[in-house]
Enquirer: 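Quick one: the structure is below, and I'll ask about it shortly.
Naming: A, B, ... by sequence-line order, numbering from 1 per chain. Values below: all heavy atoms of this structure, side chains included; hydrogens, waters and symmetry mates excluded.
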Number of protein chains: 2
Amino acid sequence: MGNKRIRKNPVRPMRISDIAELAGVSNATVSRVINGFSSVNEDIAQRVRDIIKEVGYVPSQTARSLSLGASQTIGVVVPDLSNPMYHAVLRGVHRAAAADGYRVLVADTLEETQGEAAVALDIRHRTDALVLIAPRMTRPELLALLMRVHPAAVINRTTGENAVVARVDYEAGIQTLADHLRGLGHTRIAFLSGPEHSRSNHDRQRGLETYRAAHPEVEIVDIPTGSGFDDGHRSWEAVREFGATAVMAFNDLVALGLIGRLTEEGVRVPDDISVAGFDNIPFARYSSPALTTMAVDLGEVGASAWRDLKQEIEGIARREATVFTPELEARASTGAKPLRDEI
Amino acid sequence: MGNKRIRKNPVRPMRISDIAELAGVSNATVSRVINGFSSVNEDIAQRVRDIIKEVGYVPSQTARSLSLGASQTIGVVVPDLSNPMYHAVLRGVHRAAAADGYRVLVADTLEETQGEAAVALDIRHRTDALVLIAPRMTRPELLALLMRVHPAAVINRTTGENAVVARVDYEAGIQTLADHLRGLGHTRIAFLSGPEHSRSNHDRQRGLETYRAAHPEVEIVDIPTGSGFDDGHRSWEAVREFGATAVMAFNDLVALGLIGRLTEEGVRVPDDISVAGFDNIPFARYSSPALTTMAVDLGEVGASAWRDLKQEIEGIARREATVFTPELEARASTGAKPLRDEI
DNA sequence: CTGAAAGCGCTAACAC
DNA sequence: GTGTTAGCGCTTTCAG
């Protein structure tokens, strides 16, 4: 690489001045052509375009971003990329943003609360706006962060005035589900609660408190469980001990785990016990029996966050939270309360 | 922004010269402190650090990238973000790259072959390197592209010398699976093939051709099916018509779809018929019966691609493809061939 | 050990 | 219509 002769496989990428030189015009003219300013003589414009195509020139987005003060890129901060729920949101954000010509920089914080704000700040400084998916940090931290990263959208956390919010109303969702079971005659219901510090789990629990108050005749017990298949699988003893005729799992995975165990134990679903999940994962409708669950289109949540965020980027303020309420998908895993508890 | 007075809520982000001014030093010194050059007097360095922390200054990564000619960012081009398989690879790449201080820009090409190369080029021009996950474009297009985006890693496509390659050996994997079934006594096996243009499907089919040649006593028929649950569900008639005692599905979803149908039809798995999947999705071990399938750690494929790519970025050439061979996860959905075909 | 100044590649006034 | 030029914010020789 030491010698000066032009190499066959050019090391230094083309830049705008190379094109300008080849076309015998100025950088500014090339820039105008690239950006479609009509003020350029058509002949010249065509010549420039031809040369660009011929040599395969692609402008440096970095330089462009620096000059423009905008990168047409947004950052998305995810607590855990391996969680399909967040993944669905990411996809929704991505598609919506891509349709508007924005690229997406992702950062997985690996559930580590401490580095979260730092990652967000770093990412924000390479992008034009931020989407925070279910941030884990404390509320004061979040508010302080939002102050500094505006414009930003926050998913599944409430904020002050400083960010766009899109969220799922788990509180209402779980009540809808409880009501579904009550309608089937169940009055002893187990809720297999999720991770201790999960906000969406808290929301469900709060919803159930409200529900208990409104319907004192139905007894709902909280059984700390977890969020995975195995957790559901393991929960059977506790469920049996309580004598539940119906179970609401923290999510579909837990529900399916429990159903798997029930099958092993020879307990029939829903004849002996009803089991419902939450989230409506793709597999839910194919399990046997098909799983009753609460559905919310997370892709749409992400897309909505992007739309509102775009408004912010463009300076059009729009600050009411967009709330998505999960809908009941009643399937075969829930049914009428058995006449006698003969489990 | 017309008036000159300093605004209370600063619109213009801090820049390095602001810090320099506050600290009474030059930009260069601030830069040195930020980048940890030890040559700076410790007192000054500390003062600068304090100020940076106090005012919450974060350097513009864009400017830094332009100046350095590197962005510490890689691009990942995915054909379809909603596909959990690609998603797993993305996650692997992301984690490995993040551990090395690299950020990840993602682009979903939405399965649109035409724009793929253009997206890749655009992304590459904002990043230091590229990862192409199972690109759809033709081989000549791919080779031409690789020439221009180096350094790049390609997953699940073979290339010439111009890129790092990590791939899954589906050809070997399907043969392992076929052998598992043969070992159980099956000699009439159906392969529920996947999407027409899927490369991994072709690989499986080629593997089976090899297998047929080596084991003429086992009859393997190809039943065009698809890649989804419903496809598996629908495949039952064709499977029955052929009289298969064992089925290899294109993937786990198809296998589970078929099993669901079999359950509905009262056909027992594996007593009446064995069913195996491919991919080992998380749910596979929890289905009933637990699904026999071929497992490959896609996260590790992604991580491997990153490791090799990093070598390339650092100029250390390393060009043999890294091949991952799927391993058999023998579970309950496959068993000995039934003595009589009484289906 | 520190500062001045020249870029990195592109855009956008402002002239002509 | 087209060119000149001054930045965008940071890094990095090169002097001192």
Side-chain angles (χ1 to χ4, degrees), chain A residues 10-49 51-52 55-73 101 121-122 124-128, chain B residues 1-2 4 10-49 51-52 55-73 121-122 124-128:
Chain A
V11 188
R12 172 166 93 35
M14 285 281 166
R15 48 189 189 204
I16 202 169
S17 60
D18 295 325
I19 306 301
E21 198 169 335
L22 287 171
V25 296
S26 73
N27 291 7
T29 296
V30 176
S31 175
R32 289 183 185 110
V33 172
I34 290 172
N35 296 295
F37 285 81
S38 48
S39 70
V40 180
N41 176 304
E42 184 48 32
D43 291 347
I44 296 187
Q46 195 51 53
R47 178 148 44 96
V48 170
R49 276 189 225 103
I51 292 176
I52 287 177
V55 303
Y57 164 73
V58 182
S60 155
Q61 294 301 326
T62 308
R64 193 156 197 279
S65 300
L66 182 59
S67 185
L68 252 31
S71 56
Q72 297 282 107
T73 302
L121 271 165
D122 174 309
R124 175 63 181 84
H125 275 77
R126 325 173 171 241
T127 56
D128 300 344
Chain B
M1 211 171 288
K4 279 240 173 166
V11 187
R12 170 167 93 33
M14 284 282 164
R15 49 189 187 203
I16 202 169
S17 59
D18 296 325
I19 306 300
E21 198 169 334
L22 288 171
V25 296
S26 73
N27 292 5
T29 297
V30 177
S31 174
R32 289 184 185 111
V33 172
I34 291 172
N35 295 295
F37 285 81
S38 47
S39 70
V40 180
N41 175 304
E42 184 48 32
D43 291 346
I44 296 186
Q46 196 49 55
R47 178 149 42 96
V48 170
R49 278 189 224 101
I51 293 176
I52 287 177
V55 303
Y57 165 72
V58 182
S60 154
Q61 294 301 325
T62 308
R64 192 154 199 279
S65 301
L66 181 59
S67 185
L68 253 31
S71 56
Q72 297 281 107
T73 302
L121 271 166
D122 173 309
R124 174 63 181 82
H125 275 78
R126 325 173 170 241
T127 57
D128 300 343

Enquirer: Under a 4.5 Å cut-off applied to non-hydrogen side-chain atoms, are B/Thr62 and A/Ser71 in contact?
Expert: no

Enquirer: Where is the tightest heavy-atom contact between B/Asn41 and B/Asp43, given as atom of each residue plus distance?
Expert: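 So the minimum-distance heavy-atom pair works out to OD1-N, 2.7 Å.
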
Enquirer: With nearest nucleotide decided by heavy atoms, which residue, A/Phe37 or A/Arg15, maps closer to the 5′ end of DNA chain C?
Expert: A/Arg15

Enquirer: Starting from C1' on C/dA12, measure out to CZ on A/Arg32 and report it in whole angstrom.
Expert: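 Roughly 8 Å, once rounded to whole Å.
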
Enquirer: When the distance from CG of B/Asp43 to C1' of C/dC1 is rounded to whole Å, what number comes out?
Expert: 13 Å

Enquirer: Can you tell me the distance, in whole Å, between the CE atom of A/Met14 and the P atom of C/dG9?
Expert: 13 Å

Enquirer: At 10 degrees resolution, what angle do the end axes of the helix from C/dC1-D/dG16 to C/dC16-D/dG1 form when each is taken over five base pairs?
Expert: 40°

Enquirer: Which atom pairs, one a donor and one an acceptor, fall under 3.5 Å between side chains of residues 16-24 of chain B and the rest of the protein, sequence neighbours left out?
Expert:
from    : atom 1 : to      : atom 2 : distance (Å)
B/Ser17 : OG     : B/Arg15 : NE     : 3.4
B/Asp18 : OD1    : B/Arg12 : NH2    : 3.3
B/Asp18 : OD2    : B/Arg12 : NH1    : 3.1
B/Asp18 : OD2    : B/Arg15 : N      : 2.9

Enquirer: Taking the side chain as C-beta and beyond, is there a heavy-atom pair between B/Leu121 and B/Arg124 under 4.5 Å?
Expert: no

Enquirer: Rounded to the nearest angstrom, tell me the gap between atom CD1 in B/Ile16 and atom C1' in C/dG3.
Expert: 13 Å

Enquirer: Nearest whole angstrom, please: distance from the P of C/dA5 to the CG of B/Asn27.
Expert: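 To the nearest whole Å, that distance equals 12 Å.
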
Enquirer: Can you give each donor-acceptor pair under 3.5 Å made by side-chain atoms of residues 63-70 of chain A, sequence neighbours left out, with the distance rounded to 0.1 Å?
Expert:
from    : atom 1 : to      : atom 2 : distance (Å)
A/Arg64 : NH2    : A/Asn35 : OD1    : 2.6
A/Ser65 : OG     : A/Gln61 : O      : 2.7

Enquirer: What is the separation between atom CD on B/Glu21 and atom P on C/dG3, rounded to the nearest whole Å?
Expert: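 Whole-Å distance recorded here is 13 Å.
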
Enquirer: Nearest whole angstrom, please: distance from the P of C/dG9 to the CD1 of A/Ile34.
Expert: 14 Å

Enquirer: Using whole Å, what does the distance between atom C1' of nucleotide C/dG3 and atom CD1 of B/Ile44 come to?
Expert: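 Computing the B/Ile44:CD1 to C/dG3:C1' distance gives 11 Å.
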
Enquirer: Where do A/Asp128 and A/Gln72 come nearest, in terms of heavy atoms and distance?
Expert: OD2-N, 2.7 Å

Enquirer: What are the residues of residues 63-71 of chain A, sorted by number, that bring a heavy atom to within less than 4.0 Å of DNA chain C?
Expert: A/Ala63, A/Arg64, A/Ser67, A/Leu68

Enquirer: So, taking the atom named CD in A/Gln46 and the one named CD1 in A/Ile51, what distance separates them when rounded to the nearest 0.5 Å?
Expert: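 Interatomic distance, A/Gln46 CD to A/Ile51 CD1, rounded to 0.5 Å: 10.5 Å.
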
Enquirer: Could you list where the contact with chain B starts and ends along DNA chain D, reading 5' to 3', using a 4.0 Å heavy-atom cut-off?
Expert: D/dG9 to D/dT13

Enquirer: Got a second to check how far B/Thr29's OG1 is from B/Ile44's CD1, nearest 0.5 Å?
Expert: 6.5 Å

Enquirer: Residues in side-chain hydrogen bond (donor to acceptor under 3.5 Å, both in side chains) with B/Thr73, at least two apart?
Expert: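 Scan of B/Thr73 (side-chain hydrogen bond (donor to acceptor under 3.5 Å, both in side chains), adjacent residues dropped) gives A/Arg126.
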
Enquirer: Identify whether any heavy atom of B/Val25 sits under 4.0 Å from a base atom; if not, whether one sits that close to sugar-phosphate; answer base, sugar-phosphate or nothing.
Expert: sugar-phosphate

Enquirer: Report yes if the side chains of B/Asp122 and A/Val58 come closer than 4.5 Å at any heavy-atom pair, otherwise no.
Expert: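 B/Asp122 vs A/Val58: side chains apart.
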
Enquirer: Which part of the nucleic acid, if any, lies within reach of B/Thr29 when heavy atoms closer than 4.0 Å are counted: base, sugar-phosphate only, or nothing?
Expert: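 Sugar-phosphate, no base atom in range.
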
